[in-house]
Amino acid sequence: MSSTFQSSLVDTFQRPVDYVRIAVTSRCNLRCSYCMSEAHQESTDAHSQLSKQEIVTIIKVLATLGVTKVRFTGGEPLLRMDIVELVREAKKIAGIKTVNLTTNGLLLDSFLPALVDAGLDAINFSIDTLDRERYHTITRRDEYRRVRDNLDNLLATAVIPTKLNVVLMRDINSDEILRFVDLTREHAVTVRFLELQPFDDHQIWRTGKFFSADKIQELLKSNYSGLQTIRGHSTQYFSYVLPDHKGSIAIIPAFTRNFCSQCNKIRITSDGKIISCLYEQKGLKLLPLLRSNASHESISDLFRKAVSLKPLDGKHSAKDTGRTSMSEIGG
Ligand code: SAM
Ligand code: SF4
């Protein structure tokens, strides 16, 4: 590690933090029922949102603290007109190894070549159904055609490593698992089935739609005799390949399993708060520091404080999730 790097971020339980997820906007062009209500209030006050320069400063400071991995998310990150510049700037920062994006893909046709040119490393594309009517019902917007065209183009051109995020819900899209797996036959894509988490603006979490990782695994095993387990990324608790399929399959048991012991991330909200745990509610306010020309050292200190607040087991220590929507923190 270069001598410009200060001591790395390590929390009270000896977990190193080298990954930041930045929600670059709270706005969204969809209204997924498991994420936000139709009436979800988005900040219309541009001044309360992080500027490009502020985001770049955050990444620069974090890079000196040993963070190597950045993910831009939201809300919908492609609603930010400067998203390409953000990727380009982030890629230039010494110490940053990967810059990834999580998107609903609706606007990808306008941005893909420029994002690739800017050096984006990988895309997580969120799509929960391959049926137009259902897409409309789940997202409350009739945008399936454009999203599907963008997905098909992404898979056909294979210009960038791609993972699909599919949130599974009983009797809503749980019968589409095999259709999604089918995409891995011809394309080098990872299809990731996600468990629903209780951040849905009180819409469907309590309505019995939860579909567990165990059920997904059972279904995969009973349908594919050639299913082979592979070693996946830490949160991809179950990862598989199938003979003759170019892609892979993963299950993210975000609710039924606990990944706290391997947690290496912090999150930044679009209004500039540092969130040290998914289940934490308030966060530490970074925006005032950024807007008062605070020194690199005082911004570093706030990050160190945030990391020192990371709980050993966030899910079980949280009294109530409190969080109404994943869009505040970007998943
Ligand atoms: N708008 C972008 C998108 O949808 O990809 C980025 C933000 S979105 C909050 C990030 C990820 O969180 C998406 O893959 C979405 O499916 C997932 N997500 C949102 N709410 C969720 C919930 N209640 N449970 C599980 N995953 C959720
Ligand atoms: Fe928007 Fe993503 Fe939330 Fe869907 S999951 S409403 S696309 S932020």
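Both counts, for ligands and for their atoms, begin at 1 and track the order of listing.
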_Name the residue from Val189, Asp109, Ile160 that meets the side chain to side chain contact (heavy atoms under 4.5 Å, CB included) definition with Leu154._
Ile160
*asked:* I'd like to check which ligand 1 atoms, numbered from 1 as shown, lie under 4.0 Å from a non-hydrogen atom of Glu76.
replied: 1 (N), 2 (C)
*Go through the side-chain N and O atoms of Ser270 and Thr25 and say whether any donor and acceptor fall under 3.5 Å apart.*
no
*Return yes if a side-chain donor-acceptor contact under 3.5 Å exists between Thr129 and Asp131, otherwise no.*
no
*For Val167 and ligand 1, does the shortest N/O to N/O distance drop below 3.5 Å?*
no
*Should the pair Asp182-Arg179 be classified as a salt bridge under the 4.0 Å nitrogen-to-oxygen rule?*
no
*asked:* Using a plain distance cutoff, I'd like to know if Asn165 has any nitrogen or oxygen under 3.5 Å from a nitrogen or oxygen of ligand 1.
replied: yes
*Going through the checks in order, is the salt bridge (charged side-chain N to carboxylate O under 4.0 Å, His left out) test met by Arg132 and Asp142?*
CA-CA 8 Å; Arg132 180 179 165 182; Asp142 188 11; 2.8 Å; yes
*Of all the atoms in ligand 1, which lie at a distance below 4.0 Å from a heavy atom belonging to Gln197?*
22 (C), 23 (N), 24 (N), 25 (C)
*Judged by atom type as modelled, is there a donor-acceptor pair below 3.5 Å linking the side chain of Glu54 to the main-chain atoms of Leu290?*
no
_Under the side chain to side chain contact (heavy atoms under 4.5 Å, CB included) test against Glu76, which residue among Val24, Ile83, Leu106, Asn29 passes?_
Asn29
*Thinking salt bridges, do Lys246 and Glu186 make one under a 4.0 Å N-O criterion?*
yes
*Could you grab the protein N, O or S atoms closer than 2.8 Å to atom 3 (Fe) of ligand 2 for me?*
Cys35 SG
_Distance filter under 4.0 Å to Glu195 heavy atoms, resulting ligand 1 atoms_ = 25 (C)
*Polar-atom distance check: Asn124 versus ligand 1, any N or O pair below 3.5 Å?*
no
*Would you say Pro198 touches ligand 1, if touching means a heavy atom closer than 4.0 Å?*
no
_Heavy-atom nearest neighbour of atom 6 (C) of ligand 1 within options Ser126, Gly75, Ser33_ = Gly75
*Residue part near ligand 1, for Thr103, under 4.0 Å between non-hydrogen atoms*: backbone
*Pick one: which of Ile249, Leu164, Asn173, Val167 meets side chain to side chain contact (heavy atoms under 4.5 Å, CB included) with Phe193?*
Ile249
_Cation-pi geometry met for Lys69 and Tyr19 (6.0 Å, 45°)_ = yes
*Consider every N or O of Thr73 and every N or O of ligand 1, then say whether any pair is closer than 3.5 Å.*
no
*Is the shortest distance from a Lys or Arg side-chain nitrogen in Asp117 or Arg88 to a carboxylate oxygen in the other one below 4.0 Å?*
yes
*Closest by any non-hydrogen atom to atom 18 (N) of ligand 1: pick that one out of Phe255, Phe72, Tyr34.*
Tyr34
